[in-house]
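Here's the structure, in structure tokens; my notes come after.
Quick caveat, the model's predicted, so the values are computed rather than measured. Keep in mind that the numbers below use all heavy atoms, side chains included, and drop hydrogens, waters and symmetry copies.
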Amino acid sequence: MISNLQKAYVIHSRPYKETSLIVTFLTENKGKISAVAKGAKRKNSRLYGNLEPFQCLNVDYRGKSDLKILILAEPCEVFEDFFGSENLYSAFYVNELINYLIAQADESIEIFDVYKNCISNLKRNNPVEEILRNFELNILSILGYEINFQSDYVANQPIINGLIYKYSPQSGFSKSDKGYDGKILNEINERRFSKDSLQACKEINRITINYYFEELNIKSRIFFK
């Protein structure tokens with residue numbers, strides 16, 4: 001039997017029949033995959049208690065269809081709890097974003113590494129908003145929707161502090177009477193966040209995500225209105 005043993009995180013799960021689950025994983029080598037965890041709700045199952053989110057696992061599965069059969073799920077590191085409730089809710093938002101944005105079997109070690117780093121940071125006493133904005137920017141870039149904070153797409157000139165720029169997700173930034181100060185955009189570009197640039201980055205990322213993935217319904221956002 002061919003082994004698919006690799007590291008993975010649980011992104012989403014739902015009940016399947018009486019004692020099983022359908023679990024969506026973000027895996028290190030095969031991207032996002034879904035698998036049936038047979039009998040996972042039984043207390044005597046090898047899978048019982050091992051399919052919680054935000055825990056790095058060693059998983060193995062078999063099957064050629066889109067829906068695999070899970071045969072192994074074991075923690076590969078000591079579980080570390082989140083620093084606080086805001087950090088935990090932020091992690092659920094990250095999972096929802098991954099689940100909606102990443103296509104099935106969209107292979108990318110970069111995505112796995114960005115996700116793992118984000119979850120690790122959220123488990124520590126780090127600024128939550130900065131972690132989330134960096135995660136969104138990184139994922140958009142990996143998926144091919146990188147936002148150009150460096151230049152005015154109309155004038156083809158660098159963004160200048162003190163000038164105002166409007167944002168269009170399909171094009172980028174251009175000079176305008178209303179919008180974002182170039183200083184803020186330069187701060188975002190350098191990942192040197194202030195309170196104002198964090199708020200602007202949140203708005204810009206959300207506009208971009210909504211534009212390219214308009215049917216998303218990300219429930220965790222209710223915690224961050």
Side-chain angles (χ1 to χ4, degrees), residues 6-14 21 23-28 31-33 40 47-59 73-102 106 108-143 145-147 149 184 187-210 213 216-225:
Q6 61 192 295
K7 293 181 180 178
Y9 285 88
V10 172
I11 301 299
H12 183 265
S13 66
R14 66 182 189 273
L21 298 168
V23 185
T24 300
F25 295 96
L26 180 65
T27 69
E28 185 173 25
K32 193 174 81 171
I33 64 115
L47 301 174
Y48 183 79
N50 286 346
L51 295 172
E52 298 298 322
F54 318 125
Q55 168 75 62
C56 189
L57 304 171
N58 285 320
V59 303
E74 295 178 344
C76 61
E77 59 185 30
V78 177
F79 182 77
E80 182 182 0
D81 209 348
F82 289 90
F83 179 77
S85 59
E86 184 182 6
N87 300 56
L88 175 60
Y89 295 143
S90 297
F92 280 114
Y93 164 69
V94 168
N95 269 15
E96 287 195 81
L97 204 58
I98 285 288
N99 196 34
Y100 284 112
L101 297 187
I102 309 303
D106 188 1
S108 173
I109 293 177
E110 281 184 285
I111 292 175
F112 183 86
D113 289 342
V114 166
Y115 174 86
K116 182 177 182 179
N117 184 60
C118 177
I119 296 301
S120 295
N121 285 334
L122 286 172
K123 288 183 176 183
R124 304 182 186 119
N125 183 17
N126 287 326
V128 168
E129 286 292 323
E130 189 169 329
I131 295 169
L132 293 181
R133 302 298 76 84
N134 274 313
F135 175 77
E136 291 166 346
L137 290 170
N138 290 335
I139 289 296
L140 285 170
S141 177
I142 292 169
L143 294 179
Y145 303 105
E146 184 172 8
I147 303 169
F149 291 96
I184 286 176
E187 286 179 0
I188 297 172
N189 182 57
E190 296 168 5
R191 307 289 180 99
R192 184 172 45 85
F193 293 110
S194 64
K195 181 179 179 180
D196 289 339
S197 59
L198 277 174
Q199 181 58 41
C201 188
K202 184 176 183 177
E203 293 172 3
I204 293 164
N205 288 352
R206 183 165 296 185
I207 290 169
T208 306
I209 290 168
N210 287 342
F213 308 93
L216 295 185
N217 178 25
I218 301 175
K219 300 178 181 64
S220 298
R221 280 184 176 168
I222 63 174
F223 298 111
F224 304 104
K225 290 184 178 177

For residues [X] and [Y], report the shortest heavy-atom separation together with the two atoms involved.
X: F92; Y: P53; answer: CE2-CG, 4.4 Å
X: A73; Y: L51; answer: CB-CD2, 3.7 Å
X: F149; Y: N189; answer: CB-CB, 3.6 Å
X: C76; Y: Q55; answer: N-NE2, 4.5 Å
X: E74; Y: N50; answer: CA-ND2, 4.4 Å
X: E28; Y: Q6; answer: N-OE1, 3.6 Å

What distance do [X] atom [atom1] and [Y] atom [atom2] have between them, rounded to the nearest 0.5 Å?
X: C201; Y: E129; atom1: SG; atom2: CD; result: 9.5 Å
X: T208; Y: E146; atom1: OG1; atom2: CD; result: 11.5 Å
X: I139; Y: I98; atom1: CD1; atom2: CD1; result: 4.0 Å
X: E77; Y: L57; atom1: CD; atom2: CG; result: 9.0 Å
X: I102; Y: L143; atom1: CD1; atom2: CG; result: 4.5 Å
X: C118; Y: D113; atom1: SG; atom2: CG; result: 12.5 Å

For a 4.5 angstrom cut-off between non-hydrogen side-chain atoms, does [X] reach [Y]?
X: F112; Y: K7; answer: yes
X: Y89; Y: V128; answer: no
X: D81; Y: L88; answer: no

Do other residues, nucleotides or ligands put more than 12 heavy atoms under 6.0 Å from K123 NZ?
->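 Buried by this count: over 12 neighbours within 6.0 Å.
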*asked:* Are there over 12 heavy-atom neighbours, none belonging to F82, within less than 6.0 Å of that residue's CZ?
replied: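 Enclosed.
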Checklist entry - Applying ring-ring contact (aromatic ring centres under 6.0 Å, His included), which residue pairs with at least one partner in residues 189-208 are found, sequence neighbours left out? => result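 Sorted pair list comes back empty.
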Pairs where residues 113-137 contributes a residue and the test ring-ring contact (aromatic ring centres under 6.0 Å, His included) is met, not counting sequence neighbours: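 Matches after skipping sequence neighbours: Y9-Y115.
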Counting N and O atoms only, with roles assigned by atom type, does the side chain of [X] sit under 3.5 Å from a partner on the main chain of [Y], one being a donor and the other an acceptor?
X: S90; Y: E86; value: yes
X: K32; Y: N99; value: yes
X: N138; Y: N134; value: yes
X: E136; Y: V94; value: no

Excluding sequence neighbours, so at least two apart, what forms side-chain contact (heavy atoms from CB on, under 4.5 Å) with [X]?
X: E110; answer: S108, I142
X: N117; answer: N121
X: P127; answer: E130

- request: Please list, chain by chain and in numerical order, all residues satisfying side chain to side chain donor-acceptor pair (under 3.5 Å) with E203, sequence neighbours excluded.
  value: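 Partners of E203 by the side chain to side chain donor-acceptor pair (under 3.5 Å) criterion, ordered by chain and then number, come out as Y180, Q199.
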